[in-house]
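A quick write-up on the structure given underneath.
Values below: every heavy atom of this structure, side chains too, minus hydrogens, waters and symmetry copies. Letters A, B, ... mirror the listed sequences (proteins, then strands); counts begin at 1.
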2 protein chains.
Amino acid sequence: MDEIDLKILKILQKDAKYSLEDLSTELKMPKSTVAYRIKRLESLNIIKGYYAQIDPTALNLDYIVISLIRGKYSKDYHIELGSKLANIPGVWGVYFVLGDTDFIVIARYRNREDFMKNYLERITSMPEVERSSTHVVVKIIKESPNMVIWW
Amino acid sequence: MDEIDLKILKILQKDAKYSLEDLSTELKMPKSTVAYRIKRLESLNIIKGYYAQIDPTALNLDYIVISLIRGKYSKDYHIELGSKLANIPGVWGVYFVLGDTDFIVIARYRNREDFMKNYLERITSMPEVERSSTHVVVKIIKESPNMVIWW
DNA sequence: TCTGAAATCAGAATGGT
DNA sequence: ACCATTCTGATTTCAGA
């Protein structure tokens with residue numbers, strides 16, 4: 001991992017379709033070398049894949065929630081509960097955190113019923129959950145998880 | 001937007017490099033038709049772009065934080081504060097929410113100093129911020145914001 | 001590890017239904 | 001909106017440095 005790799009990653013995190021041609025002029029090195037480096041980054045799993053970003057609102061995913069969850073302590077409770085939360089349909093983010101809460105969970109649904117059925121009812125019926133407080137997102141001001149390199 | 005579009009999106013949200021060839025066999029329709037549909041989804045901004053997924057830990061982005069922020073009320077305070085938060089280097093998610101907190105912010109840094117300098121000092125010196133509580137992420141159990149279609 | 005050239009293949013363009 | 005064919009150009013491969 002050197003400066004050149006970093007430049008490649010910086011470009012590809014913004015645009016996966018950026019061509020070898022353009023990268024090669026940008027980096028002042030032959031296409032084949034760029035290709036070689038990208039392949040390397042892929043095989044090292046630094047580049048984990050390429051995906052299309054779909055607009056959630058286009059699919060009517062307007063009911064977005066973020067929950068703070070406190071668990072009931074027991075052996076391995078955080079591993080058990082963590083995977084249980086991660087497997088709830090609609091949930092895309094589960095973070096185990098320090099502080100007065102244990103897990104922070106982010107999920108997207110199409111409407112209130114969808115949310116109630118898939119999410120709330122499950123969470124509230126999990127014996128490992130001691131307490132949860134859920135925030136409804138009014139507006140997504142920023143959501144760009146792909147922008148890993150910001151410096 | 002029909003069932004076929006949804007199938008295309010379901011595949012591309014996981015793998016942007018899935019070829020027209022394979023999509024055409026999968027969907028039992030010619031390449032050119034698939035290409036036509038994808039172009040349509042792009043121009044309608046349902047597909048917002050294609051990104052490389054970079055492993056944050058490969059770049060030593062191990063200091064991940066989630067903050068709950070309460071603002072001081074004033075005219076347009078949430079628009080002002082929202083964009084201020086979104087512009088902090090390292091911040092990739094800003095959500096305006098209902099409940100006892102106003103904003104939820106997610107950010108990634110390489111270490112404690114990086115976090116202190118770029119994030120904490122800024123947040124605590126913003127006059128629009130009344131109160132903030134920041135949780136350090138111990139473990140990312142799930143993070144797949146690109147998986148928009150889960151049903 | 002890097003490079004140049006050749007070969008292959010995928011995607012864009014076209015024109016017709 | 002859909003499809004077959006053609007055409008263009010990007011990516012892969014490979015031999016050599």
Is the W150(A) to Y109(B) ring centre distance short of 6.0 Å? yes
Between [X] ([atom1]) and [N] ([atom2]), how many Å, whole number?
X: R40(B); N: dA1(D); atom1: CZ; atom2: C1'; result: 9 Å
X: I8(B); N: dC2(D); atom1: CD1; atom2: P; result: 9 Å
X: L44(A); N: dT1(C); atom1: CG; atom2: C1'; result: 14 Å
X: M1(A); N: dT1(C); atom1: CE; atom2: P; result: 15 Å
X: I4(A); N: dT3(C); atom1: CD1; atom2: C1'; result: 14 Å
X: L20(B); N: dT5(D); atom1: CG; atom2: C1'; result: 15 Å
X: D5(B); N: dC2(D); atom1: CG; atom2: P; result: 8 Å
X: L27(A); N: dC2(C); atom1: CG; atom2: P; result: 12 Å

P30(B), nearest nucleotide to its side chain (from dA10(D), dG4(C), dA4(D)): dA4(D)
Any [X] side-chain nitrogen or oxygen under 4.0 Å from OP1 or OP2 of [N]:
X: R37(B); N: dC2(D); answer: yes
X: S32(B); N: dA4(D); answer: no
X: Y36(B); N: dC2(D); answer: no

So, Y73(A) versus E130(A): side-chain donor-acceptor pair below 3.5 Å or not? no
Before you tell me yes or no, could you show the steps for I88(A) and M126(A) under side chain to side chain contact (heavy atoms under 4.5 Å, CB included), namely the whole-Å CA-CA distance, both residues' side-chain angles and the distance that decides it to 0.1 Å? CA-CA 12 Å; I88(A) 297 172; M126(A) 285 181 189; 3.8 Å; yes
For the pair F103(B) and F96(B), name the ring-plane relationship: parallel under 30°, tilted 30 to 60°, perpendicular over 60°. tilted
Donor-acceptor pair under 3.5 Å, K31(B) side chain vs dG11(C) base: yes
